[in-house]
2 protein chains.
Amino acid sequence: MSYESEKLAATLKAAREKKGLSQRALSAHAGVPQSHISKIESGAVNLTVSSLTAIANALDLELALVPRKAAPAVRTITRSVNDVPKATPEARKEIARLAKQLEHIQSLKIDSPVFENLQRQFREMRQFENLIRNTDTLRSIREALKAVENAGGVAALQEASKQMNSFRNALAHGIADEERTRLPRPAYRLDGDNDE
Amino acid sequence: MSYESEKLAATLKAAREKKGLSQRALSAHAGVPQSHISKIESGAVNLTVSSLTAIANALDLELALVPRKAAPAVRTITRSVNDVPKATPEARKEIARLAKQLEHIQSLKIDSPVFENLQRQFREMRQFENLIRNTDTLRSIREALKAVENAGGVAALQEASKQMNSFRNALAHGIADEERTRLPRPAYRLDGDNDE
DNA sequence: TCATATGATACATTAAAGTAGATCAAGCGC
DNA sequence: GCGCTTGATCTACTTTAATGTATCATATGA
């Protein structure tokens, strides 16, 4: 396999993982067999443009032929778009758990405005999932939600909602949660779009 | 054929023509049969990445997967690099004629420093061939060179060299040759890269 | 007029991409 | 332990990309 092909395979794999898709999920979106995606990502095939574009489009990527002279600039741009901090696996896992818990509560038909509010807060929070470095709060919220089923009722919902709101605001305002837990931070940032 | 594929084919063809390569010349560089290049450019095949990269590299293009979000910026950059004024067919033709004439003179083994100088000037001039709007001077130089063979000898070479030097300098300093010859110009241009 | 270079096509052959489907081991949640 | 999902791997089959070579009509130049 050529260098170009390997890079391509790595790019596709990285893009898929960044979107949190499994090979099978991507397969469904792109209309390409999972077995083939596996082979592609391992660089075992010399794929055709149709396969490439199908998969790339499913991953919100666009195939481009850029003049060599412009290639460095394109790489810079691509990097700047890609280098948003990535959600940690733990964060994603915890968020998935929370989502499941919320689905379950919905199935209980509680139908309180408090619950609707909580769901909205959850959706808004998810937009910043990449910023989550610490899942304690999420875990705490999930604990609170468990109480809903057992005894807590709406009171537990309100407690969860309060925590969710505070957590979301913290993320939205760019207050890294390490800030509160006193973890060391990187001394620099690759992208300059940080408004602190 | 999909839209993506057609665009790809068009891009490759445009890039090849811009470089002034025939399908056969490109074939030699890229290691891909001319017949296949023809099919590719007509969008008749779903080419593989290896073919694509081979041809693209021969055309100084780089295959890239850019995030949709970054695609507009990439297009802008690419355009800015591509939109250097293109050499007119007449200019290219006249330059080819000149090159041939120079080759012929070289075969005469004149071996004068004046001729070497002339060749260097020619090479330098070619770098600006995109700026040539008017081929009168080139034709004039070629006329002068014809005299070398018949009678003129080194004197004719010197005359040609003098003209070449002046022409090259004019191009290098961005003095459009229309400026001097006062030819009628089109009232509009499709591309906006005209610096008047 | 003759020669040359161009891009488009034709043909037979080979290699491999692509599909559909099943299976496997590893990892994780319950 | 059990069930589910993950990515990797296998099979069998179909489709087609790619090659090599050759031809063709058409410009364009000598």
Side-chain angles (χ1 to χ4, degrees), chain A residues 1-2 5 8-10 12-17 19-55 58 89-101 103-104 135 139 142 146 149, chain B residues 1-2 5 8-10 12-17 19-56 58 89-90 92-101 103-104 135 139 142 146 149:
Chain A
M1 271 299 107
S2 76
S5 289
L8 210 61
L12 291 176
K13 180 167 186 174
R16 175 179 65 80
E17 287 175 343
K19 286 188 98 69
L21 293 177
S22 69
Q23 289 182 347
R24 281 183 172 82
L26 175 56
S27 164
H29 275 94
V32 170
Q34 176 266 328
S35 59
H36 199 222
I37 292 179
S38 172
K39 278 194 283 187
I40 288 169
E41 287 188 355
S42 70
V45 291
N46 174 20
L47 36 40
T48 60
V49 168
S50 65
S51 297
L52 178 56
T53 53
I55 295 176
E90 306 90 74
R92 272 228 299 275
K93 207 168 288 183
E94 195 53 40
I95 285 178
R97 276 197 264 249
L98 243 178
K100 203 173 174 184
Q101 181 73 15
E103 272 183 40
H104 179 240
T135 54
R139 228 183 297 275
R142 190 155 57 90
K146 278 184 182 171
E149 194 169 3
Chain B
M1 271 300 108
S2 76
S5 289
L8 211 61
L12 290 176
K13 179 167 186 173
R16 175 179 66 78
E17 286 174 344
K19 287 188 96 73
L21 293 176
S22 67
Q23 289 182 347
R24 282 185 171 82
L26 175 57
S27 163
H29 275 93
V32 169
Q34 177 265 329
S35 59
H36 198 222
I37 292 179
S38 172
K39 278 194 282 185
I40 289 169
E41 288 188 355
S42 70
V45 289
N46 174 19
L47 37 40
T48 60
V49 168
S50 64
S51 297
L52 178 56
T53 53
I55 295 176
E90 306 90 75
R92 272 228 299 276
K93 206 168 289 183
E94 195 52 41
I95 285 178
R97 276 196 264 251
L98 243 177
K100 203 171 174 185
Q101 181 72 15
E103 272 183 40
H104 179 241
T135 54
R139 228 181 299 274
R142 191 154 56 89
K146 277 183 182 171
E149 194 168 3

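Convention: sequence-line order gives letters A, B, ...; per-chain numbering from 1.
Residue pairs meeting the salt bridge (charged side-chain N to carboxylate O under 4.0 Å, His left out) criterion with at least one partner in residues 21-33 of chain A, sequence neighbours excluded, are absent. Under the salt bridge (charged side-chain N to carboxylate O under 4.0 Å, His left out) criterion, the residue pairs touching residues 32-55 of chain A are A:Arg16-A:Glu41, with sequence neighbours excluded.
Remark on the helix from C:dT1-D:dA30 to C:dC30-D:dG1: inter-end axis angle 40°, axes from five-pair C1' superpositions, rounded to 10°.
For A:Ala99, the side-chain contact (heavy atoms from CB on, under 4.5 Å) partners are A:Phe122, A:Arg126, not counting sequence neighbours. Residues passing the side chain to side chain donor-acceptor pair (under 3.5 Å) test with B:Ser35, sequence neighbours excluded: none. With sequence neighbours excluded, the residues forming a side-chain contact (heavy atoms from CB on, under 4.5 Å) with A:Ala58 are A:Leu26, A:His29, A:Ala30, listed by chain and number. Residues satisfying the side-chain contact (heavy atoms from CB on, under 4.5 Å) test with B:Lys19, not counting sequence neighbours, are B:Leu21, B:Leu59, B:Asp60. Among residues two or more places apart in sequence or in another chain, the side-chain contact (heavy atoms from CB on, under 4.5 Å) test is passed with B:Ala54 by B:Val32.
One can place NZ of A:Lys39 at 11 Å from C1' of D:dA8, the figure rounded to the nearest angstrom. If you take CD1 of A:Ile40 and C1' of C:dT19, they are 12 Å apart, rounded to a whole angstrom. Distance A:Asn46 CG to C:dT14 C1': 15 Å, rounded to the nearest Å. Between the P atom of C:dA17 and the CG atom of B:Leu52 lies a distance of 15 Å, rounded to the nearest Å. Here D:dT5 presents its C1' atom at 13 Å from CZ of A:Arg16, a figure rounded to the nearest Å. Look at CD on A:Glu17: it is 11 Å from C1' on D:dT6, rounded to the nearest Å. Rounded to an integer number of Å, the gap from B:Glu41 CD to C:dT9 C1' is 15 Å. Straight-line distance from the CD1 atom of B:Ile55 to the P atom of D:dA18: 8 Å, rounded to whole Å.
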(request) Report, as a single string ordered 5' to 3', how protein heavy atoms within less than 4.0 Å touch nucleotides 21-30 of chain C: B base, S sugar-phosphate only, - not at all. (result) B-B-----S-

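Applying the 4.0 Å criterion to OP1 and OP2 of C:dA8, one finds that B:Gln23 has a side-chain N or O inside that range. An OP1 or OP2 oxygen of C:dA17 is reached within less than 4.0 angstrom by no side-chain nitrogen or oxygen of A:Thr48. At D:dT5, none of the side-chain N or O atoms of A:Ser22 fall inside 4.0 Å of OP1 or OP2 (strictly under the cut-off).
Map B:Ile37 and A:Ser51 each onto its nearest nucleotide of DNA chain C; the residue landing nearer the 5' end is B:Ile37.
Residues B:Gln23 and B:Ser27 have side chains not in contact (no heavy-atom distance under 4.5 Å, counting atoms from C-beta outward).
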